[in-house]
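The structure appears right after this line, and notes come after that.
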Amino acid sequence: MELNREENVMLEGGVEKTSSPWRNIWSELVKNKAAMVGLSIIVILILIALFGKYLMPYDPNTGVLAESLQKPSSAHIFGTDEQGRDIFSRIIDGTKISLRVGITAVAIALTAGIIFGSFAGYYGGKIDMYIMRLMDIILAFPSLLLAIAFMSALGKGIDKAIIAISIVTIPEYARIVRGSILSVKENEYVQAAKAIGNNDMGIIFKHILPNVMSPIIVRATLGISTAILETSALGFLGLGIQPPQAEWGSMLGAGRGYFYNAPHIVLFPGIAITITVLAFNLFGDGLRDALDPKLRK
Amino acid sequence: MVKYIIKRLILLIPVLLGVSIMVFVVMHVFQADPASIILGQHATAEQIEKLRQELGLNNPLYVQYWDFLKGALQGDLGSSLITKTPVVKEILSRFPATIELALAAIIIASIFGISIGVISAVKQNSIVDYIGMVFALLGVSMPIFWLGLILIVIFAVQMHLLPVAGRIQIGLEPAHITGFYLIDSLLTGNMASFKSALSHIILPAVALGSYSTAIIARMTRSTMLEIIGQDYIRTARAKGLVEKVVILQHALRNALIPIITVIGLQLGSLLGGAVLTETVFSWPGVGSYTVEAILKSDYPVVQGAVILLAVVFVLVNLAVDLLYAYLDPRIKYS
Amino acid sequence: MLLQVKNLKTQFKVKGGVVNAVDGVDFEIDRGEVVSIVGESGSGKSVTSLSIMGLIPNPPGKVIDGEILFKGEDLLKKTKKELQNIRGNEISMIFQEPMTSLNPVFTIGKQISEALIKHKNMSREEALKKSIEMLELVGIPSPEKRVKDYPHQLSGGMRQRVMIAMALACGPELLIADEPTTALDVTIQAQILDLMLKLKDKLGTSILLITHDLGVVAEVSDRVVVMYCGKVVEKGTVMEIFERPLHPYTEGLLLSIPRVDEKHDKLFMIPGVVPNPLNMPKGCAFADRCHRCEEICKKEVPPLVEYEGRQVRCFRYLNHKEGKV
Amino acid sequence: GCGKGTQTGSKKPKTLIYAQGADPRGLDPAYVDDGESAKIIVNVYEGLVKYKPNSTEIEPSLATEWTVSPDGKEYTFKLRQGVKFHDGTPFNADAVVFSVERQLPPKATDDMPYASFTFGPVEKVQKVDDYTVKFILKQPYTPFLANLAMSLAAPIVSPAAVQKYGDKFIENPVGTGPFKFVKWDKGQSVTLAKNEDYWGEKAKVDTVVFKITKENSVRASELITGSVDIIDGVDPNDIKKLEDNKIQIFKGKGMNINYMAFNTSRAPFNDPKLREAVSHAIDRDELVKYLYQGYASVANTYLPDFIPGYNDKVQPYKYDVEKAKALLKEAGKENLEIKMITYSNPRPYNPVNGQKLAEAVQNYLAKVGIKATIEVYPWTEYKQKAAQGEGDILFYGWVGDNGDADNFLSLLDSNEIKSSLNAAKYSNPKVDELLAKARRLPNGEERNNVYKEIQEILAVDAPWLPISNAMDMAAYSPKVKGFTLHPTGAVYLKDVDKE
Amino acid sequence: MEALLEVVNLKKYFPVESGFLKKSVEYVKAVDDVSFKIYRGETLGLVGESGCGKSTTGRMLVNLLKPTSGEVRFEGKDITKLKGAEEREFRKNIQIIFQDPYASLNPRMTVGDIIAEPIKINRLAKGEEVEKRVLKLLEYVGLASYHRNRYPHEFSGGQRQRVGIARALAVNPKLIVCDEPVSALDVSIQAQVLNLLDDLQKEFKLTYLFIAHGLNVVKHVSDRVGVMYLGKLVEIGDADSLYDNPLHPYTKALLSAIPVPDPAKKRERIILSGDVPSPLNPPEGCRFHTRCQSCMEICKKKEPELKDVGQNHRVACHLY
Ligand SMILES: Nc1ncnc2c1ncn2[C@@H]1O[C@H](COP(=O)(O)OP(=O)(O)OP(=O)(O)O)[C@@H](O)[C@H]1O
Ligand SMILES: Nc1ncnc2c1ncn2[C@@H]1O[C@H](COP(=O)(O)OP(=O)(O)OP(=O)(O)O)[C@@H](O)[C@H]1O
Ligand SMILES: [Mg+2]
Ligand SMILES: [Mg+2]
Ligand code: NI
């Protein structure tokens with residue numbers, strides 16, 4: 001065929017190997033410095049969560065009361081809390097829970113939000129109406145109050161807190177997903193997907209969702225921080241972690257009375273939260289860019 | 001337009017019904033027993049049982065809900081178990097404070113958020129941009145009560161610039177007209193009150209608005225970036241307009257449409273999310289009052305507050321939608 | 001000469017390198033003349049026009065070399081402020097997309113008035129009156145009512161007419177029209193072109209028309225500039241170009257248009273695609289697609305040569321001139 | 001509030017601002033049970049009798065003198081004449097009868113938390129003449145006089161005002177006290193004004209404002225910046241900062257007890273051996289020194305030391321890890337696993353909050369090999385849980401109402417298991433009997449000795465581990481003169497002045 | 001000749017919700033009573049201004065839209081009532097190529113995946129076979145095997161349109177609806193795509209419905225041409241007959257408006273006045289009468305029928 005002549009022009013680097021999309025995303029991510037910083041921090045955090053017990057100089061849950069409220073020193077690099085526990089060890093120990101809270105809460109809310117949002121957006125009409133009214137109801141509920149209310153119904157414990165927090169955030173994801181789907185749904189490639197015989201699920205999950213991920217990713221990375229912070233608010237009201245388990249948010253809450261005479265008690269968990277949140281956000285932004293083949297070189 | 005508003009108000013009904021059912025059920029599976037709360041710690045089991053009968057607490061839940069709903073329809077949400085005063089009165093007396101704070105917070109958040117966002121977008125990928133965005137990220141990563149205490153220490157205790165807590169300096173409360181101190185003091189021409197109320201609201205509003213500031217800044221930045229690339233911005237430049245006009249009039253005006261959505265949502269969550277800020281700054285609002293009520297199992301108050309907050313939330317959303325129509329001539333509600 | 005563009009070079013820094021979007025372009029426009037620039041998508045037509053307007057987004061773009069002499073003065077040497085005073089006043093521009101080139105949140109009255117208030121020191125009311133006149137001029141019925149409309153209330157053709165009204169409001173000496181009809185229907189396109197020509201005659205404005213539709217070019221222009229990959233490959237009067245195209249690209253372009261009045265089985269086709277702007281071939285950019293390609297074409301960039309009083313960028317004519325053919 | 005502006009000849013009205021941690025529940029003494037309400041109520045109302053400054057002894061107030069019948073069942077009061085309520089109506093025997101009768105059956109309602117506590121022993125109250133009232137008790141009840149000095153239930157209200165305001169009297173208090181009620185901005189402040197017609201020595205300041213500031217450290221900050229004059233609920237952590245800012249700290253002995261209760265109704269702590277073991281395992285000196293930072297005293301017995309009947313001979317179980325381990329081993333409970341429940345908020349007797357105390361205890365228990373879990377609840381829910389019998393160890397405390405030993409020690413009366421006041425669910429017939437006996441004995445040595453005996457029994461039986469008596473702390477600006485906190489926690493502001 | 005597909009009285013009204021609680025509904029009459037046939041192996045061109053209902057018609061043919069009323073008979077069977085498995089089976093017969101090569105390819109899928117998808121969904125091949133088939137299709141449309149790992153944005157418009165064509169060919173359709181497949185392309189690329197379509201038609205005996213508003217392009221590819229205006233078919237006939245002898249005033253104006261790339265030929269153009277009326281409330285009578293230069297009284301009142309004027313040529317105009 002005569003048409004094949006153009007290959008000569010297009011050929012830039014010989015025959016390419018088959019490369020998986022994940023490899024592409026990865027190679028793109030690697031190029032993004034901010035994202036890599038974020039990812040490195042996340043990896044370190046995960047390592048700490050997994051192997052933290054080898055790093056802890058002291059038992060995080062037992063303290064020597066006589067050594068309470070000590071300023072950072074060589075013995076306790078982050079100082080000690082009101083029970084005389086080593087804050088450094090507690091921060092390391094708390095990593096596990098804080099990460100788990102952030103990640104699972106977002107994962108649950110995200111999954112539910114995506115399902116609700118995409119059904120509402122894709123099918124429209126009555127389904128949309130019912131789903132979005134339900135979302136409105138949850139949304140109209142002040143979120144902290146709703147979380148508290150759910151927790152008092154579900155009972156205590158970190159798992160319940162995670163569920164409560166995720167339920168509260170579902171509507172936000174659902175709204176974002178729905179909105180994006182409404183705008184993507186009319187695209188011709190969606191029509192094309194239908195024309196070649198895709199069923200609704202195929203269209204939603206293969207063709208629409210991948211194209212609405214960027215706002216969702218950005219929201220989700222922010223959501224991780226919200227979840228961590230909201231756990232701390234629940235902890236503040238005695239609904240979060242059961243003591244003596246360390247968790248950053250609760251450490252912050254418990255330490256707030258010592259603001260004047262032992263500010264380090266709240267400083268370090270605050271920094272830990274901030275760094276974690278920052279890392280997820282940097283990584284999220286990078287991931288969004290990497291997932292978009294248009295931004296790839 | 002009026003029809004649209006009426007329609008939206010009608011849609012309020014199922015939402016409120018849903019909210020009330022949910023809060024009712026949740027509060028009633030709560031373990032604490034209102035009868036024993038009312039009776040206090042010296043009560044005997046017989047007294048408690050008697051009171052449970054009187055209060056209808058032994059009826060099936062749906063009967064109780066129906067009774068509650070009947071009352072609610074007549075504007076009666078019951079009385080607080082703790083203070084005996086009608087819930088509606090208690091909440092309404094605290095509502096202006098919450099709304100005033102939430103509005104102040106959202107105004108501050110909007111001003112800062114939009115400014116940071118616009119500057120970041122205009123100076124995309126410059127150092128200013130990065131600083132702006134890191135600032136925004138810090139805003140979402142700081143716990144409110146933490147930030148609140150830091151603000152108090154810096155601005156009130158160390159620098160003596162602003163008051164520590166409360167709504168106004170004692171003795172300067174303006175005459176009660178709307179319940180909003182800032183407005184009431186202006187209406188009565190009481191400048192000393194106005195100044196005091198203003199200086200009291202700044203710190204809590206900044207603390208409460210920090211999260212929203214960050215969200216608004218990020219949203220503004222991305223929207224502005226998108227809009228600056230639009231054809232009509234090029235058209236505006238081609239007309240010879242100065243850059244300031246192009247950015248602030250042509251671009252920002254368009255960017256405001258999605259930003260308003262975010263602001264609306266944020267305002268909604270600020271109304272209920274002011275709990276910790278209200279606690280830290282002793283702001284006499286509904287949020288901290290409700291949490292106290294939850295902790296004391298005073299659930300007529302919780303139910304009332306949640307329902308009222310839901311009403312306000314829905315109304316705020318309606319206002320946002322109407323604002324859309326004003327900002328975006330393409331949207332017409334009929 | 002109203003406008004002289006000399007050796008204009010505009011670059012874009014993009015991920016992975018530098019795109020020479022406009023790479024040494026020369027042409028000129030006389031008063032009252034219609035000059036068309038044609039060429040394939042991505043050949044640098046819009047960048048040329050934006051360079052003249054001083055609207056190249058910076059970063060990533062930058063005019064790196066050349067002169068743009070407008071009434072003898074180099075626009076590239078003007079300050080931002082001076083340029084703002086020229087834009088929309090002495091030179092104005094119409095863009096391709098009538099749907100998106102108007103700001104959706106302002107009334108068209110406000111959008112037309114803006115330039116008048118800025119450049120002609122008119123008051124709001126005066127500007128609005130003038131706007132109504134302009135709308136009338138471009139044939140919008142009941143303009144007093146229409147000034148209060150928002151862009152979305154108008155059809156595509158009307159919006160494009162509003163764009164024209166806006167561009168002409170200050171009575172510019174040069175109107176740059178970047179694909180003003182591409183997005184429109186044929187019947188509407190005919191209306192708009194008709195209108196532009198009428199207004200040109202009436203107001204004496206020079207027009208720089210950018211398009212890749214050769215049909216449009218044939219109907220309206222006096223002279224034609226053909227661009228390919230950021231370079232001018234051929235210039236001449238409209239008759240010369242259509243009757244006897246010199247450059248193989250121009251030739252191919254003309255041949256690949258399906259014509260209503262002829263019927264043949266297969267269309268002529270320029271094979272291949274435009275080279276990647278980040279990865280330009282060493283020699284003539286068209287060499288790979290050219291059916292007359294010779295050895296030298298792949299090695300050296302051909303210069304713009306005079307041939308029969310016209311200019312063309314092809315080695316064949318260089319050789320000819322030197323008497324080797 | 002820095003005083004600025006030019007000083008004019010006329011005296012500037014003095015405003016005293018007192019910051020406390022919560023809104024009062026209400027301002028009708030019959031319907032409230034919280035300290036925040038009490039602090040305001042004592043300044044607006046008065047009872048027939050009152051406590052002497054800095055002690056819980058009784059002195060005249062609205063009654064000028066009284067007699068008790070020999071059988072201890074009739075109390076006759078002579079009332080002060082010429083006293084007017086703030087609404088201008090006269091104070092007389094009718095007012096007293098009205099105030100009391102509304103809290104007696106049949107008028108008393110369920111939501112009067114202190115009615116039965118205060119007037120439970122009263123058979124009836126009678127007007128003898130306009131200025132004489134007689135109370136007839138069902139049986140002799142010695143603490144009754146102390147009850148009449150309490151800030152809750154006992155104060156005399158204006159009958160006219162109660163009738164006038166009805167339901168809303170709770171927000172519109174009218175009494176005879178040195179201050180009149182002005183207004184109450186919910187959640188924000190309660191304002192009182194000097195009662196110019198007060199029968200006694202008049203208040204020194206013109207206006208008193210009770211301001212609500214929830215967070216301890218924020219309240220301290222307000223005092224530092226001068227926007228309030230007096231704060232209570234001072235957090236030990238803030239004291240240094242306050243002192244650095246030349247703030248005066250008032251440290252008074254608190255009429256309270258902070259204790260840990262064993263659930264004695266079931267295993268494992270129905271075994272006194274185990275209670276003893278645990279009691280040995282906890283270093284209360286260390287708790288007081290570090291957790292409470294020295295702003296509490298170690299409680300050796302079940303009463304604060306200034307209450308008549310306090311037994312200074314009782315020896316608590318000493319901190320002794322080895323002993324504790326040995327006792328556990330003896331009981332065969334070396335790997336004991338228990339559940340503790342506690343509350344999430346600070347309490348007057350435990351300023352750091354229940355969770356922190358529980359965590360510290362958990363730590364000590366771990367050292368003797370007891371594995372304890374902690375469940376934390378908000379206060380009301382916690383009380384509910386405790387009443388339902390959750391938890392093997394509970395954390396509780398008590399703030400005395402009337403300064404009588406009975407008020408504290410009845411917490412261990414088996415009759416109070418039902419009402420859940422007896423958190424340890426402790427039941428000892430001997431103790432019950434002694435308590436009943438003491439209630440009937442007139443004040444004096446004999447009665448005190450009974451209480452001492454009870455304390456000895458309890459010290460051995462150890463249903464509680466008494467931990468500490470928190471200091472009552474307040475802080476005030478150096479401009480404030482004459483401020484004290486009464487051991488009952490009440491603040492009488494009549495004699496407080498501000499420069 | 002045998003009609004592969006027959007369209008009978010096809011209508012599509014899009015409801016536009018308005019009023020209180022969405023009660024009253026107005027309709028956009030996008031396609032309003034259109035009937036025509038497409039014969040096996042031919043190319044039927046469909047021209048008309050933007051918004052006149054061409055795409056809507058095309059989408060109803062491929063069953064992407066359900067018509068409000070009327071029938072689409074493919075090989076004698078009404079496809080508008082198909083459901084489930086039958087519908088899926090039918091989809092293989094008719095495919096569609098879209099106007100915008102940028103918007104019609106999922107930006108997050110590689111070209112290989114895009115082409116493989118219909119094969120997998122319709123289970124036309126398994127495992128290795130799929131890959132082979134994809135390569136074959138790429139070859140048909142003139143792309144190289146290494147292109148399959150690239151993303152749509154890495155291609156030029158013309159190449160992208162080829163991917164769209166390959167995707168349509170993947171299921172071996174009998175009819176392809178080409179919805180303005182070259183409108184977004186440059187002339188030089190346009191020629192490549194048109195030639196490709198031509199080649200493929202010959203090779204696979206395809207039938208095309210070719211939608212465009214560029215009349216010269218339609219003329220080049222079509223055997224017969226239909227002209228639509230505001231939801232109505234106003235003229236239909238053999239391409240040569242229609243172009244040489246346009247009857248409807250709208251067709252005339254349309255033809256005259258085509259810019260001819262020949263400066264020497266200055267023609268008399270018919271410049272229509274005004275814009276296309278809104279399809280929400282189209283004019284009474286003949287829908288073109290508001291812009292028609294030979295408008296008569298009757299045109300304002302009575303809607304003209306599509307009349308046969310001989311030589312396979314039919315027109316809806318009161319002039320004839
Ligand atoms: N903002 C920009 N950033 C990077 N590259 C750009 C930018 N604008 C234009 N270019 C590049 O400049 C080259 C010329 O673009 P230009 O828009 O002038 O083409 P054109 O001839 O107007 O094409 P069309 O007919 O599609 O409008 C293209 O390769 C394009 O990628
Ligand atoms: N989903 C829809 N809902 C409402 N109206 C629609 C919808 N799709 C199309 N329309 C309307 O139907 C009419 C016909 O649209 P259609 O897309 O078929 O036109 P077209 O001839 O293909 O135009 P173009 O040349 O611009 O592609 C238009 O007025 C359009 O606004
Ligand atoms: Mg262009
Ligand atoms: Mg179409
Ligand atoms: Ni041809």
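First the proteins, then the strands, lettered A, B, ... as listed; each starts at 1.
- Looking only at side-chain heavy atoms (C-beta outward), B/S282 and D/R219 stay at 4.5 Å or farther from each other.
- The part of D/S217 that comes within reach of chain B is its side chain, from C-beta onward, which places non-hydrogen atoms under 4.5 angstrom from that chain.
- Taking all atoms of both residues into account, the shortest heavy-atom contact from B/T279 to D/E215 is O-CG, 3.8 Å.
- Annotation for D/G187 and B/P284: closest pair O-CB, 3.3 Å, computed over non-hydrogen atoms.
- Residues D/Q188 and B/I168 have side chains in contact (heavy-atom distance under 4.5 Å, counting atoms from C-beta outward).
- With a 4.5 Å cut-off on non-hydrogen atoms, D/K186 touches chain B through its backbone and its side chain both.
- Residue contact with chain B, scored on non-hydrogen atoms closer than 4.5 Å, involves the backbone and the side chain of D/V218 alike.
- Residues of residues 155-163 of chain B lying under 4.5 angstrom from chain D, judged on non-hydrogen atoms, are B/A156, B/V157, B/Q158, B/H160 by number.
- Within the model, atoms OG1 of D/T213 and CZ of B/F281 stand 12.0 Å from one another, a figure rounded to the nearest 0.5 Å.
- Residue B/W283 comes nearest to D/K214 through the heavy atom pair O-NZ, 4.0 Å, listed as atom of the first residue, atom of the second, then distance.
- Remark: B/K89 engages D/E171 in a salt bridge, criterion side-chain N to carboxylate O under 4.0 Å.
- Considering OG1 of D/T191 and CD1 of B/I170, their distance stands at 6.5 Å, rounded to 0.5 Å.
- Note: B/K84 NZ to D/D28 CG = 10.0 Å, rounded to the nearest 0.5 Å.
- Annotation for D/D244: atom CG counts as buried by contact number, over 12 foreign heavy atoms lying within 6.0 Å.
- Contacts between D/N345 and chain B at a heavy-atom distance below 4.5 Å are absent for every atom of the residue.
- The local environment of NZ in D/K183 is crowded, with over 12 non-hydrogen atoms from other residues, nucleotides or ligands closer than 6.0 Å.
- Listed options B/G285, B/A165, B/A97, B/S79 were ranked by heavy-atom pairs under 4.5 angstrom with chain D; first place goes to B/A165.
- Contact of D/S221 with chain B is made through backbone and side chain together, with heavy-atom distances under 4.5 Å.
- For D/I212, the part lying near chain B is the backbone, with the side chain staying farther off; criterion is any non-hydrogen pair under 4.5 Å.
- B/S288 touches chain D through its side chain: at least one heavy atom from C-beta onward sits under 4.5 Å away, while N, CA, C and O do not.
- Counting heavy-atom pairs closer than 4.5 Å to chain D, the top residue among B/H176, B/R167, B/K50 is B/R167.
- Only the backbone of B/E278 comes within less than 4.5 Å of a heavy atom of chain D; no side-chain atom from C-beta onward does.
- By the 4.0 Å N-to-carboxylate-O rule, D/D185 lies too far from B/R94 to be salt-bridged with it.
- B/L149 touches chain D through its side chain: at least one heavy atom from C-beta onward sits under 4.5 Å away, while N, CA, C and O do not.
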